[in-house]
K.L.:
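Handing you a structure now.
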Amino acid sequence: MTQNYRITLLPGDGIGPEIMSVAVDVLNVVGKRFDLSFEFSTALIGGAAIDETGEPLPAVTLDMCRNSDAVLLAAIGGYKWDSLPSNLRPEAGLLGLRAGLQLFANLRPAKIIPQLIDASTLKREVVEGVDIMVVRELTGGIYFGKPKGIFTTESGEKRGVNTMVYSESEIERIGRVAFETARKRGGKLCSVDKANVLEVSQLWRDRITQLSAEYTDVELSHLYVDNAAMQLVRAPKQFDTIVTGNLFGDILSDAAAMLTGSIGMLPSASLGADSPGVYEPVHGSAPDIAGLDQANPLAQVLSAAMMLRYALNQPEAAELIENSVLQVLQQNYRTGDIMSPGMKLVGCRAMGEALVEILLLKSN
Ligand code: IPM
Ligand code: MG
């Protein structure tokens, strides 16, 4: 029997539409093979939504996302909208989506792909075998804490304010996701904070430590964020699962991504308690190469695979996509961001076509 899924597509800005179109082609091929039918609806977010409607997250977009089985997002943002006030920037659309769907847990895997080891800026022996999962809290911390804003003092000076705040319940629910994630992986969890300076981090560390009593099979450690950043580039193989707050997770997940050679390869999942999850590449909208057919669509394709696995419970379909991505790399196809000598340089569309060809062969 054919399974039907309603998927909301949010192509967004920059390279978003190009990489999304590759992911949709891939999903359609895989759908035929596994008897899945996808009902895609496309909605506006980010700069594209600002241009069209004046706001970065139109209500219809959020509604459409709420009423779907999963959301596939590409990327938002670009120079064009950089001078707008923060509540009207494309980023506000993404933050609004996270808040609106209560996507408090962001899973960002950084796993080295053997075929791409030489694309890493770090030495082979440092990165070979790296397999890290960053669990980033996504709807709290300094991104959402109040007060926030730019205020003018009595003396006429301007003050910019943001507030880093976590309540126990917020720490606990992300902590549980992290312990459970670690349990299914290497059984090691490193919690990252700044408890030597910040009270919010002291509470974070206390709650995570308390929680560990319920997960005695998981080995818990703690690092300050500055040390964690250093350890990530010094000896990344010591990490299995990392749990941290919104801001630290934003920063560390970019660093972790780069261990693998290119941020252009990495998918992510943002999950809530009872709303559809959002699946998106870790990378941004790359406005400098938008429309030039140079983008790497593989993180978007792997995000679609993650969606199949986590949201739609179709692990075999996910695996088929993941294996095809490895195979396209094995056949030496490379976009510019992962190019190395002797490989075949292709654009976004050609990479997609090569992938579809492999999928079709595997599907017969
Ligand atoms: C990310 C991005 C976003 C963030 C921006 C675009 C708002 O950097 O998803 O990591 O800071 O969370
Ligand atoms: Mg980021």
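As a basis for the values below, the full set of heavy atoms in this structure was taken, side chains included, without hydrogen atoms, waters or symmetry mates. Here the structure is a predicted model, which is why all the values come from computation and not from measurement. Atoms within each ligand, like the ligands themselves, are counted from 1 in listed order.
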K.L.:
If you check every N/O/S atom of D250, which is the one nearest the Mg ion (ligand 2)?
P.N.:
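Nearest N/O/S atom: OD1.
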K.L.:
Whether the Q327 and K362 side chains hold a donor-acceptor pair (N or O, under 3.5 Å, no angle test) is what I'd like checked.
P.N.:
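Their side chains do contain a donor-acceptor pair, which is all the 3.5 Å distance test asks for.
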K.L.:
Within ligand 1, which atoms have a heavy atom of E91 less than 4.0 Å away?
P.N.:
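Listed by number with element, the hits are 6 (C), 7 (C).
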K.L.:
To the nearest 0.1 Å, how far is atom 11 (O) of ligand 1 from its closest protein heavy atom, and which atom is that?
P.N.:
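Minimum-distance protein heavy atom for atom 11 (O) of ligand 1 reads Y143 OH, 2.5 Å.
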K.L.:
With a 4.5 Å cut-off on side-chain heavy-atom distances among I, L, V, M, F, W and Y, is there a chain of contacts connecting L73 to Y279?
P.N.:
no
K.L.:
Using a 4.0 Å cut-off to any heavy atom of R98, which atoms of ligand 1 qualify?
P.N.:
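Per the distance check, 1 (C), 4 (C), 9 (O), 12 (O).
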K.L.:
Tell me, which protein residue and heavy-atom name are nearest atom 2 (C) of ligand 1, and how many Å apart are they?
P.N.:
D250 OD1, 3.9 Å
K.L.:
Is there a donor-acceptor contact under 3.5 Å from the side chain of T139 to the main chain of A99?
P.N.:
no
K.L.:
Any cation-pi pair here, R183 with Y215, using under 6.0 Å and within 45°?
P.N.:
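No, R183 does not sit over the ring of Y215.
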K.L.:
How about N227 and Q231: does a side-chain donor come under 3.5 Å of a side-chain acceptor?
P.N.:
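Yes - a donor-acceptor pair under 3.5 Å links their side chains.
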K.L.:
For atom 1 (C) of ligand 1, what's the nearest protein heavy-atom neighbour? Residue, atom name and distance, please.
P.N.:
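Ranking protein heavy atoms by distance from atom 1 (C) of ligand 1, first comes R108 NH2, 3.3 Å.
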K.L.:
Heavy-atom contacts with R136 under 4.0 Å: which atoms of ligand 1 show up? List them by number with element.
P.N.:
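Those qualifying, in numeric order: 1 (C), 4 (C), 9 (O), 10 (O), 11 (O), 12 (O).
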K.L.:
Output yes when E128 and K123 qualify as a salt bridge under the 4.0 Å nitrogen-oxygen rule, no when they do not.
P.N.:
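No, this pair does not count.
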